[in-house]
Amino acid sequence: MAQLPKLAVFDLDYTLWPFWVDTNVDPPFHKSSDGTVRDSRGQTIRLYPEVPEVLERFHSLGVPIAAASRTGETKGANQLLELFDFVRYFVHREIYPGSKVAHFERLQQKTGVPFSQMIFFDDEKRNIVDVSKLGTEWCYLHSCPEWNESSNPNSGIRDICKGPSWTLRSNPVDEPHLKHATERNQEGIFRCICKLLKCIHV
């Protein structure tokens, strides 16, 4: 088994959930009596379907988890983490506008974990590029086609690229060997992450 990272860091928008919390939904959020999370207009708020299993997997492996988000809707993002009961996973939350480098520098100061022993999951290449310069391992996630409430939640493609040993490509979707389709057995990001960490037999 490969050595596990000392800290797993997740972006929020289009990484944990398929929307921008400051644009596509309307805070404040609340949880209905049936457990459904909704925004102020009553719109149902959904996650990418594999996310709870991913977070639980890292937790079960003893890998601390942190959030690093550039959103300006800090209150709403934190509220969603609380309503989805994810605060039990996230030991640190750096949620505010600005370069992700600042987020990671604060995480390094708080945890003492070297950048080289962190792994970062994000859907924006600019963030991957910035953070990779710190020496952090990274996974680039890309959703195609865009997942929305009318879509089959298991139909989207979640492409994942890991560095710094891989070259950051201009369009990973064009590289068939980098594709991992999310199928009904949740073959998507969860299994991909496990392959990267060599924590399951493949």
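The shown structure was predicted, so the numbers you read here are calculated from the model rather than taken from an experiment.
With hydrogens and angles ignored, the 3.5 Å screen pairs no side-chain donor or acceptor of Asp130 with any backbone N or O of Val101. Side-chain atoms of Lys31 come within 3.5 Å of backbone atoms of Leu83 as a donor-acceptor pair (strictly under, hydrogens ignored). In this structure a side-chain-to-backbone donor-acceptor pair under 3.5 Å is missing from Ser32 to Asp34.
The side-chain heavy atoms of Ile45 and Asp39, taken from C-beta on, include a pair separated by under 4.5 Å. Leu80 places a side-chain heavy atom less than 4.5 Å from the side chain of Val21. In this structure, the side chains of Thr36 and Arg38 come closer than 4.5 Å at one or more pairs of heavy atoms. Inter-residue side-chain proximity for Phe104 and Val9 is flagged as met; some heavy-atom pair is nearer than 4.5 Å. Residues Leu16 and Leu81 are in side-chain contact: their nearest non-hydrogen atoms beyond the backbone lie under 4.5 Å apart.
Scanning for side chain to side chain donor-acceptor pair (under 3.5 Å) contacts around Glu105 gives an empty result, with sequence neighbours left out.
Atom CD of Gln108 is separated from atom OG of Ser116 by 9.5 Å, given to the nearest 0.5 angstrom. The NZ atom of Lys6 lies 14.0 Å from the CD1 atom of Ile119; values are rounded to the nearest 0.5 Å. The distance from the OG1 atom of Thr111 to the CG atom of Leu7 is 5.5 Å, given to the nearest 0.5 Å. Rounded to the nearest 0.5 angstrom, Phe84 CZ and Gln79 CD are separated by 11.0 Å. For the atom pair His103 NE2 and Lys100 NZ, the distance stands at 6.5 Å (nearest 0.5 Å).
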Step-by-step side chain to side chain contact (heavy atoms under 4.5 Å, CB included) determination, Phe29 to Val25: CA-CA 9 Å; Phe29 306 100; Val25 293; 3.7 Å; yes
Verdict with supporting geometry, Asp26 and Arg41, salt bridge (Lys or Arg N to Asp or Glu O under 4.0 Å): CA-CA 7 Å; Asp26 291 303; Arg41 291 183 296 143; 2.3 Å; yes
Phe121/Asp11 under side chain to side chain contact (heavy atoms under 4.5 Å, CB included): CA gap, chis, key distance, verdict: CA-CA 6 Å; Phe121 300 88; Asp11 174 49; over 6 Å; no
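Across all non-hydrogen atoms, the minimal contact from Ser40 to Pro27 is OG-O, 3.7 Å. Here the shortest heavy-atom pairing between Ile65 and Leu55 reads CD1-O, 3.6 Å. The nearest pair of heavy atoms linking Phe90 to Ala67 is CD2-N, 3.4 Å. Residues Tyr89 and Pro52 approach most closely at OH-O, 4.4 Å, considering heavy atoms.
A parallel orientation is assigned to the rings of Phe19 and Trp17, their planes being inclined by less than 30° (bins at 30° and 60°).
The number of heavy atoms from other shown groups lying within 6.0 Å of NZ (Lys110) is above 12.
Shown are Val129, Thr136, Val131; of these, the side chain to side chain contact (heavy atoms under 4.5 Å, CB included) with Lys133 is made only by Val129. Exactly one of Val87, Leu107, Leu12 qualifies for a side chain to side chain contact (heavy atoms under 4.5 Å, CB included) with Arg93. That residue is Val87.
There is a path of hydrophobic side-chain contacts, each under 4.5 Å, that joins Val51 to Trp20.
Under the side chain to side chain donor-acceptor pair (under 3.5 Å) criterion, the residue pairs touching residues 58-73 are Arg70-Asn127, with sequence neighbours excluded.
Of the N and O atoms on the side chains of Tyr14 and Glu124, not one donor lies less than 3.5 Å from an acceptor on the other residue.
In this structure, the ring of Phe10 has its center no less than 6.0 angstrom from the ring center of Phe120.
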